[in-house]
Amino acid sequence: MAEKAATTERPYRDEAHAINARDVRFDFASVPMHYIPGEVLATHIVNVMHLVLPEGERAMAQCLAEALPHIDDERLREEVQGFIGQESMHASSHEGARKHLQSIGLDVDSYVSKVAWLVDRILGGHGLTGRAGEEWLKERLGLFAGMEHFTAVIGEWLLNANILAEQGMHPAMLDLVRWHGAEEVEHRSVVFDAFQYVDGSYARRARTAILATATLLPLFIVSTAYLYKRDPSEHKGRSWIRQFVSATRRGVIPSWTVFFTEMPRYLRPSFHPSQLGSMDTALRYLAHSPAARAAEH
Ligand SMILES: [Fe+2]
Ligand SMILES: [Fe+2]
């Protein structure tokens, strides 16, 4: 299968930037339950990242590790290895945030166990070998490439959403989501390129991307509703729907329509993730991120 893919163009080569995991450190000790002050629903929308991302990112790292033996291109192998390190770091950092919130009363352990079970059931390797194993690997690479499109788009949004700092979002949480967002922008092309290399079928790319969208939106809604309900605070402010409309209007959360508006762009046959937003903004943030800098010392 590598023979067909070896001809696939990979424009990210031009970016001449090597992907590497950063050994970040976050101190969540002083983070309150509603760490975007006065924004209960928006806080829980951010919390979805702590709740469902770790398991998904581990499954993705596992899938890319399975893809490595099928990739002969040195440069792409290097990118995939860096990607695996970055996603593993994202998973453990969000887990740290979730454990802190659990310790101050947001009890979500049973939900996390269900997500872990579901992710393993749906996206695990299932012990398949031979032709079936190869097909399943290609299918998962397609799904993850579609999901990575959304993480790159949301990552770009997080880097530019100045309103989060203006609203007084706790600096540790703000740094966590921005560092993560910046690395999503930084490695936005890796899964797509791995998929193109290992398979490259447009039909599969389109089908799996639509499936990824159809899975992510309900997962987001169900997880937010669960978090909001589990929040033990007596006062949650206005009704969740009014908070949702207000937060969307003021740009405190990204627009939910992104799940629909982004698909036509991703489905363009000539699309490549390197066409997404500014890599400079991401790298500039990573150069200044308190957690990333702490890792350097
Ligand atoms: Fe990630
Ligand atoms: Fe990612």
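- In this structure, CG in Asp72 is found 4.0 Å from OH in Tyr197, a value given to the nearest 0.5 Å.
- Within 6.0 Å of CZ on Arg121 lie no more than 12 heavy atoms contributed by other residues, nucleotides or ligands.
- Atom CG of residue Leu106 and atom OG of residue Ser233 lie 8.5 Å apart, to the nearest 0.5 angstrom.
- Ionic pairing of Glu95 and Arg58 is present here: one or more N-O contacts between side-chain nitrogen and carboxylate oxygen are shorter than 4.0 angstrom.
- Separating the CG atom in Leu141 from the CZ atom in Phe192 is a distance of 12.0 Å, to the nearest 0.5 Å.
- Using cut-offs of 30° and 60° on the angle between ring planes, the pair Tyr226 and Tyr111 is parallel.
- Atom CD of Glu55 sits about 9.0 Å away from atom OG of Ser113, to the nearest 0.5 Å.
- Ring to ring, Phe26 and Trp179 are close: their centroids are under 6.0 angstrom apart.
- A 6.0 Å sphere centred on CZ of Arg250 holds more than 12 heavy atoms belonging to other residues, nucleotides or ligands.
- With sequence neighbours excluded, no residue forms a salt bridge (Lys or Arg N to Asp or Glu O under 4.0 Å) with Glu148.
- Between the side chains of Glu186 and Gln86, a donor-acceptor pair is found at a separation under 3.5 Å.
- In this structure, Lys236 does not pair ionically with Asp231, as no charged nitrogen and carboxylate oxygen lie closer than 4.0 Å.
- Remark: Glu183 engages Arg22 in a salt bridge, criterion side-chain N to carboxylate O under 4.0 Å.
- Under the 4.0 Å criterion applied to side-chain N and carboxylate O atoms, Glu156 and Arg188 are not assigned as salt-bridge partners.
- In this structure, His180 and His94 have tilted ring planes: the angle between them lies in the 30° to 60° band.
- A salt bridge links Arg204 with Glu135: the closest approach of a Lys/Arg side-chain nitrogen to an acidic carboxylate oxygen falls below 4.0 angstrom.
- Checked by atom type and distance alone, the side chain of Arg178 pairs as donor or acceptor with a backbone atom of Leu158 at under 3.5 Å.
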